[in-house]
Amino acid sequence: GRMATVVRGDTRLLDSRIEINYGTTPADLFDDGTQYPCAELLIRFDRDPKAVQYVIRFKGFGGYGDPRNPNREIRNGDPTKWSSQQFDASPTPLGNMFEYRGPCKWYDGQGRAWDSDMYYGGNGTGGWLLLDTRNNTVVYVFFTLTDFDGDLGLAGNVELWTDWTVGASIEVEPLYPEDLQR
C-alpha cells in the first residue's frame, strides 16, 4: 500500500517520500559569492546499487494545463494516465544523474556547481534525478524555483505545488542489466 504523511499544520495527505525544502544557491555559483533563495519539491528513495536505470512514473498531479506549472511532463500530460521519465543510474561519472548537496545545491559530475545558465534556464522545470552520496539516496526533483529578483514569493509557489501534489501517485522502478536486454 501507499504510505502518506500529514504536513504539520495542514490536513492534506502527501506521499511520505515527498520533501519540500528551502535553501540558497551554492556560494560557488557566482564569482562574487552571491546566493539566492530557492525552494524545491522532490521525492527521495534509497539507491539500488545494482540498478542501471530508474523509471519514475507519476499520475494524479494537479497543474495539468496550468501555465504556472513549470514541469513540462506534468503540465502537458494527462492527469488520468501515467507519465514517466527514465534515467541512467550511473553513479561516477554521474551520467545524467547529477550530485545533490542539499536544498538548491546541484552539482555536475565533476563536482562543480551547475552554472548560472542552468539555474536560470532550469528555474522551476524539475524533472532531474540527483544522487545524494551523503546518505546513499536518490532524489527526483519535481519543482524548483530560485528567486533571483526578490519578487517571486517562494512560499506562495510552494503552496501551489503542495496543492498539485495532493492525491498524486508516484512509482519508482529500478531497472537492472537483464531488464534492458529484453
Taking C-beta and beyond as the side chain, do [X] and [Y] meet within less than 4.5 Å on heavy atoms?
X	Y	result
Ile170	Phe142	yes
Leu154	Leu145	yes
Thr25	Thr146	yes
Val141	Leu41	no

* Report the C-alpha separation of Asp46 and Asn136 in whole Å, then their side-chain angles, then the decisive distance to 0.1 Å, and conclude whether the side chain to side chain contact (heavy atoms under 4.5 Å, CB included) test is met. => CA-CA 7 Å; Asp46 291 333; Asn136 204 30; over 6 Å; no
* Under the side chain to side chain contact (heavy atoms under 4.5 Å, CB included) criterion, do Leu42 and Ile18 qualify, and how do the steps go? -> CA-CA 6 Å; Leu42 54 87; Ile18 290 175; over 6 Å; no
What heavy-atom pair brings [X] and [Y] nearest, and what distance separates the two atoms?
X	Y	answer
Cys104	Glu40	N-OE1, 3.1 Å
Pro103	Tyr22	CB-O, 3.5 Å
Asp179	Pro174	OD2-O, 4.1 Å

* To do: Check step by step if side chain to side chain contact (heavy atoms under 4.5 Å, CB included) holds for Glu173 and Arg57.
  => CA-CA 8 Å; Glu173 178 187 5; Arg57 293 184 190 90; 2.5 Å; yes
* Asked: Which one of Lys105, Arg47, Arg44 satisfies the salt bridge (Lys or Arg N to Asp or Glu O under 4.0 Å) criterion with Asp132?
  -> Arg44
* To do: Could you walk me through whether Tyr100 and Arg134 pass the side chain to side chain contact (heavy atoms under 4.5 Å, CB included) test, one step at a time?
  => CA-CA 9 Å; Tyr100 182 82; Arg134 296 168 304 162; 4.1 Å; yes
Separation of [Y] [atom2] from [X] [atom1] (nearest 0.5 Å):
X	Y	atom1	atom2	answer
Leu129	Ile43	CG	CD1	8.5 Å
Thr24	Gln35	OG1	CD	4.0 Å
Thr137	Leu131	OG1	CG	7.5 Å

* Asked: Have Tyr176 and Asp48 got a donor and an acceptor in their side chains that come within less than 3.5 Å?
  -> yes
* Trp164 ring center within less than 6.0 Å of Phe143 ring center ->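 Judged by ring-centre distance (under 6.0 Å), Phe143 and Trp164 do meet the cut-off.
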* **Centroid-centroid distance, Tyr140 to Tyr54, less than 6.0 Å** => no
